[in-house]
*Asks:* 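Take a look at this one; I'll ask things after.
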Amino acid sequence: MHKKLFVVLMALSLVLSLGVASVTTAQDLSGDLEIFSWWTGGGEAAGLDALIAKFTEMYPNINIINSAVAGGSGVNAKAVLTTRMLGGDPPDTFQVHAGAELNSLWVKAQRMEPLNDMFEANGWMEQYPQGLLDLISDEAGNIYSVPVNIHRSNVMYFVPAKLAEWGVTVPATLDEFINTTCPALLAKDVTPLAIGENWTQSHLWESVALGTLGVEGYNGLWDGTTNWTSPESLAAWENYGKLLDCANSDMNAITWQDASKMVVDGAAAFNIMGDWASGYFIELGLVPNEGFGWAAAPGTDGVFMMLSDTFGLPKGAPHADNARAWLNFVGSAEAQDLFNPVKGSLPANTTADITNPEKYNAYFQSAYEDWTSNTIVGSQRHGAVAPTAFDSGFLNIVGQFQADRDVTTAAANAAALAIQTGIGG
Ligand code: GAL
C-alpha cells in the first residue's frame with residue numbers, strides 16, 4: 001500500500017517537474033515578445049540588455065522587440081504607452097512603477113491581467129516583501145505586476161577626493177547645504193549642485209520636501225494630512241528654490257546622466273538622484289567609495305525613499321504566453337541577480353544573492369543595510385505614492401517655479417492639483 005503510494009507520488013512529481021520545466025525552459029514558445037520601457041540610457045539599457053540576453057538563451061525561438069522609448073523616468077514613454085493602451089494596441093509587457101502609477105491608472109481602468117497564479121506557482125508570495133506586494137495589489141488582493149527591483153530616490157552623490165580638494169564635507173542638513181556648503185563652493189567657482197531637465201528637478205523636490213517636512217509631514221502630502229500651503233510646505237519650496245540657486249543654469253538642457261557626469265568630471269560637487277546613477281557610475285568603470293561616494297540627501301538620513309520598477313501584462317497583449325514567460329523569468333532571483341548589479345538597484349526578490357559582495361558591490365551593501373533598517377517612504381516622482389495625473393501636473397508646476405521662483409503660486413497650484421487628482425480624498 002505504502003509502496004504503491006510512493007510510486008504514484010514519484011510519477012506525480014515527475015509529471016509536475018516536467019510541467020514546470022516546460023514553463024521555464026520551453027523551446028516551443030516562439031513568435032514576438034514586445035517589451036516596452038524607458039531604459040535606453042547609460043546604466044539603464046545595460047540592465048535591460050542583461051535580462052534580454054539571458055532570456056534569449058532560455059527561449060531561443062522568441063523574437064524580442066525592445067520598444068524602449070528614450071527619456072529618463074519615462075517622461076516620453078508614458079505618453080506613448082497611454083496612446084497605445086487606450087488605442088487598443090498594448091505591448092506584450094511594459095515597465096510600470098509599483099504603487100499609484102500602476103493602480104490609479106491601469107488597474108483602475110481594468111487594463112491589466114491579474115498574476116496571482118504566477119506568484120503562487122513560483123513561491124513569490126513568500127519571496128517578496130509584504131509592503132511591496134501591497135503596492136502591486138488591488139484591495140481584493142489581485143496582483144498586477146512583477147517587481148524587478150527596489151530603487152532609492154533620496155541619494156546624494158559626490159567624488160570624495162574632489163570634496164577634499166575643495167575643502168568641503170558632505171552636508172547633513174538642507175540648512176548646512178544652503179548656508180555653508182553652497183557658498184563655500186561658489187567662492188571656489190565650483191557649481192555646488194548639478195541638476196538636469198524638468199523631471200530631475202521634480203525628483204530633487206521630493207528629497208527637499210522630505211528633508212524639510214520630515215517623514216510624517218512628507219507622508220501627509222500624499223494622505224491628505226499635510227496642508228500644501230502650510231508654512232512648513234512653503235518652507236520646502238523656499239529650500240528648493242535656494243538649491244536651484246546653487247545649481248548649473250543650463251539645467252533644462254541636460255539629462256540625468258549629463259548631470260551625474262558633471263560630478264564625476266569635477267564640474268559640480270553634488271547631485272541628488274536615484275540610485276540608477278550608481279548603475280551609471282559602475283558602467284563608467286568607477287569604484288564605489290573611490291570614484292564616487294554617496295550619502296542620504298540632506299536632512300533625510302535614516303529614511304529610504306523607495307520606488308520599484310515592475311513589469312505587467314496588459315489585457316489583449318498579442319503574445320501573452322511569451323509575456324508570461326518573461327514575467328516568470330524577471331521575477332526570479334536568478335534574473336534579478338543579473339539585472340540589479342548593473343542597474344544600480346536592490347533585488348526585489350528576497351531570495352536573490354544581495355548579501356554576496358562578489359555580486360553586489362559596496363554601494364549595494366550600504367543600500368541594503370539602509371533598506372533593511374531605515375524608515376521607508378514612497379517616491380512621488382517615480383509612481384509609488386501619487387497618481388500619474390498628479391505627476392504630470394506637478395512637472396508643470398516645477399517647470400514654472402524654475403522660471404519664476406514664485407513660492408506662493410507653486411504651493412497653491414500644488415494644493416489645487418492634489419485636490420483635482422484625488423490625493424488624500
Ligand atoms: C525611474 C525608473 C528607474 C530609472 C529612472 C531614470 O523612473 O524607476 O529605473 O530608469 O527613472 O530613467
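Values in this document were obtained by computation on a predicted structure and should not be read as measured data. Read the numbers this way: they start at 1 and go in the same order the structure lists the ligands and their atoms.
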*Asks:* Looking at Trp294 versus Phe281, is the centre-to-centre ring distance below 6.0 Å?
*Replies:*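 No, the ring of Trp294 stays outside the 6.0 Å limit from the ring of Phe281, centre to centre.
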*Asks:* With atoms numbered from 1 as shown, which atoms in ligand 1 lie under 4.0 angstrom from a non-hydrogen atom of Lys343?
*Replies:*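 With Lys343 as reference, the close atoms of ligand 1 come out as 3 (C), 4 (C), 9 (O), 10 (O).
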*Asks:* Report, as yes or no, whether the 6.0 Å neighbourhood of atom CD on Glu216 holds more than 12 heavy atoms from other residues, nucleotides or ligands.
*Replies:*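 No, because the 6.0 Å sphere around CD of Glu216 holds 12 heavy atoms or fewer from other groups.
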*Asks:* Within the structure, does Asp309 bring an N/O atom to less than 3.5 angstrom of an N/O atom in ligand 1?
*Replies:*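 Yes: some nitrogen or oxygen of Asp309 is under 3.5 Å from one in ligand 1.
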*Asks:* With heavy-atom distances below 4.0 Å as the criterion, list the atoms of ligand 1 near His97.
*Replies:*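 Ligand 1 atoms under the 4.0 Å threshold to His97: 1 (C), 2 (C), 7 (O), 8 (O).
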*Asks:* Any chance you could lay out the side-chain contact (heavy atoms from CB on, under 4.5 Å) test for Asp92 and His319, step after step, and finish with the verdict?
*Replies:* CA-CA 6 Å; Asp92 293 312; His319 310 94; 3.0 Å; yes
*Asks:* When the ring planes of Phe364 and Tyr360 are compared, do they come out parallel, tilted or perpendicular, using 30° and 60° as the limits?
*Replies:*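 Ring orientation of Phe364 relative to Tyr360: perpendicular.
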*Asks:* Is the shortest distance from a Lys or Arg side-chain nitrogen in Arg324 or Glu113 to a carboxylate oxygen in the other one below 4.0 Å?
*Replies:*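 Here Arg324 does not pair with Glu113 in a salt bridge, since their nearest N and O are not under 4.0 Å apart.
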*Asks:* Do any nitrogen or oxygen atoms of Trp39 lie less than 3.5 angstrom from nitrogen or oxygen atoms of ligand 1?
*Replies:*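 Right, the criterion is met.
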*Asks:* Report the part of Arg381 (side chain from C-beta onward, or backbone N, CA, C, O) that has a heavy atom under 4.0 Å from ligand 1; answer both or neither where that applies.
*Replies:*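 No part of Arg381 comes within reach of ligand 1.
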*Asks:* So does Lys188 have more than 12 non-hydrogen atoms from other groups sitting under 6.0 Å from NZ?
*Replies:*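 No, not enclosed.
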*Asks:* Can you report which non-hydrogen protein atom sits closest to atom 7 (O) of ligand 1, along with the distance?
*Replies:*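 Of the protein heavy atoms, His382 ND1, 2.7 Å lies nearest.
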*Asks:* For the pair Glu283 and Lys343, find out whether any cationic side-chain nitrogen is under 4.0 Å from an anionic carboxylate oxygen.
*Replies:*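 Judged by the 4.0 Å cut-off on N to carboxylate O distance, Glu283 and Lys343 do not form a salt bridge.
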*Asks:* Against heavy atoms of Trp256, which atoms of ligand 1 measure under 4.0 Å?
*Replies:*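 In order of number, 6 (C), 12 (O).
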*Asks:* Below 4.0 angstrom from a heavy atom of His151, which ligand 1 atoms are there? Numbered from 1 as shown, please.
*Replies:*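 Once the distances to His151 are compared, the set is 3 (C), 9 (O).
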*Asks:* Which atoms of ligand 1 are found less than 4.0 Å from any heavy atom of Gly72?
*Replies:*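 So the answer, numbered in order with elements, is 12 (O).
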*Asks:* Indicate whether the side chain of Thr409 and that of Asp406 have a donor and an acceptor atom separated by less than 3.5 Å.
*Replies:*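 Note: Thr409 and Asp406 side chains meet the donor-acceptor criterion.
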*Asks:* Heavy-atom contacts under 4.0 Å between Leu307 and ligand 1: side chain, backbone, both, or neither?
*Replies:*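 Leu307 to ligand 1: side-chain contact only, backbone stays beyond 4.0 Å.
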*Asks:* Checking a contact table here: which protein heavy atom is nearest atom 10 (O) of ligand 1, and how many Å away?
*Replies:*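 The answer is Glu44 OE2, 2.4 Å.
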*Asks:* When you measure from atom 11 (O) of ligand 1 to every protein heavy atom, which one gives the shortest distance, and what is it?
*Replies:*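 I find the closest protein heavy atom is Ser73 CA, 3.2 Å.
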